[in-house]
Amino acid sequence: MTHVKEDILGLMPNEIIKELADMGEQPFRGKQVVNWLYKGINSFGAMTNLPKSTRQKLESKYKIGSLKQIDRQKSEKGDTIKYLYLLADNNIIECVVMKYAYGNTLCLSTQVGCRMGCSFCASTKEGLVRNLEVGEMVAQLLIANSDIGRAEDRGIRNIVLMGSGEPLDNYQNVIKFMRLVHHPDVFNISYRNITLSTCGLVPKMKELSQEDIPITLSISLHAPNDEIRRKIMPVASAYSVDEIVQAGKYYFEKTGRRVTFEYSLIHRLNDSEENARELAYRLKDFSCHVNVIPINEIEGTPYRRSSEYRIESFINTLKSLGLQVTRRRELGQDIGGACGQLKRGYLDNVEI
Ligand code: SF4
């Protein structure tokens with residue numbers, strides 16, 4: 001039987017230090033390994049201040065990441081770079097770097113596919129293939145970081161878990177990933193700079209509220225009521241809009257972090273003034289934020305982009321009713337802006 005090596009990128013620094021100690025190494029060796037790992041090296045051989053015997057021991061048990069970049073596309077404006085990675089089992093995932101004035105943001109995937117079935121989403125076409133391992137999420141950050149760092153001398157400062165997959169459906173791995181990237185010896189990314197997007201898995205949202213990880217929670221609502229929501233999001237049959245808003249309030253109470261509701265505007269489905277009024281009613285008395293996203297049209301779906309008039313009138317109605325609203329800056333439309341679109345386009349064109 002082939003020995004499958006464990007990915008060392010999935011371990012917390014204390015686990016690496018303990019592992020080295022268990023191998024009979026001196027205490028500072030573990031710390032040396034941790035220092036090397038996030039510099040973008042991809043072999044233990046490159047850890048030149050470790051004795052050869054230590055490197056060999058590590059080599060026999062561990063690998064450093066398993067992602068291979070197979071595509072990289074930059075938008076015309078240069079504000080978005082999309083990466084496609086091949087996993088060890090030949091699955092493909094994607095991540096996107098978006099450039100904002102406040103720093104580079106990485107949108108990464110947490111699962112191969114997704115089982116939530118949102119009808120406007122390209123990630124859901126094949127259902128859930130599998131959860132990503134912690135190391136596979138870390139590797140997306142490492143590779144993008146070294147690419148951006150090389151190109152522009154600025155690394156990733158913000159992470160959004162909004163690529164393919166429902167992060168709370170891969171709960172344990174995602175929690176560990178967030179603790180890991182926050183660790184001062186790893187990427188030292190503030191929890192405030194991590195945003196997790198969920199389609200509204202109420203029990204997991206409550207669990208997350210208790211983790212002492214005060215990240216930004218972003219809830220994909222996309223509808224003002226259950227009837228419309230059920231048309232586009234099967235998860236609406238499991239949890240009602242009211243339950244989701246309550247869970248959002250609970251998250252805010254526990255963490256003090258303001259919750260964002262994502263609302264993708266779809267032409268004549270959820271973009272009327274009446275829809276805006278109902279949404280405002282649901283969110284009244286809740287100090288939250290609404291992010292309105294005019295959808296990118298996705299081939300193979302019936303959904304069309306709302307007219308500029310309807311977009312503006314929807315946003316203005318929400319504002320007039322006291323909600324804090326922003327319109328999401330639309331980045332990289334020329335390379336496929338919605339989650340799963342790049343991968344979809346690639347798979348449609350390439351035989352692997
Ligand atoms: S929108 Fe998000 S939760 Fe819905 S199917 Fe796509 S990846 Fe899954």
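If you read the sequence from its start, that first residue is 1, and numbering goes on from there. Numbering of ligands and ligand atoms starts at 1, following listing order. Computed from heavy atoms alone, side chains included, the values below leave out hydrogens, waters and symmetry copies. The structure presented is a predicted model; accordingly, all values stated were derived computationally and were not measured.
No donor-acceptor pair closer than 3.5 Å links the side chain of Lys176 to the backbone N or O of Val134. In this structure, the side chain of Ser75 engages the main chain of Thr80 through a donor-acceptor pair within 3.5 Å.
Summarising the geometry, atom CG belonging to Leu201 is positioned 11.0 Å from atom CD belonging to Glu207; distances are rounded to the nearest 0.5 Å.
With a 4.0 Å heavy-atom cut-off, ligand 1 is reached by the backbone of Cys118 and by its side chain too.
The Met116 neighbourhood of ligand 1 comprises atoms 3 (S), 8 (Fe), with distances under 4.0 Å to a heavy atom of that residue.
A cation-pi arrangement is absent between Lys249 and Phe252 under the rule of less than 6.0 angstrom and at most 45 degrees off the ring axis.
Atom 4 (Fe) of ligand 1 does not have Cys199 among its coordinating residues (no N/O/S atom, backbone or side chain, under 2.8 Å).
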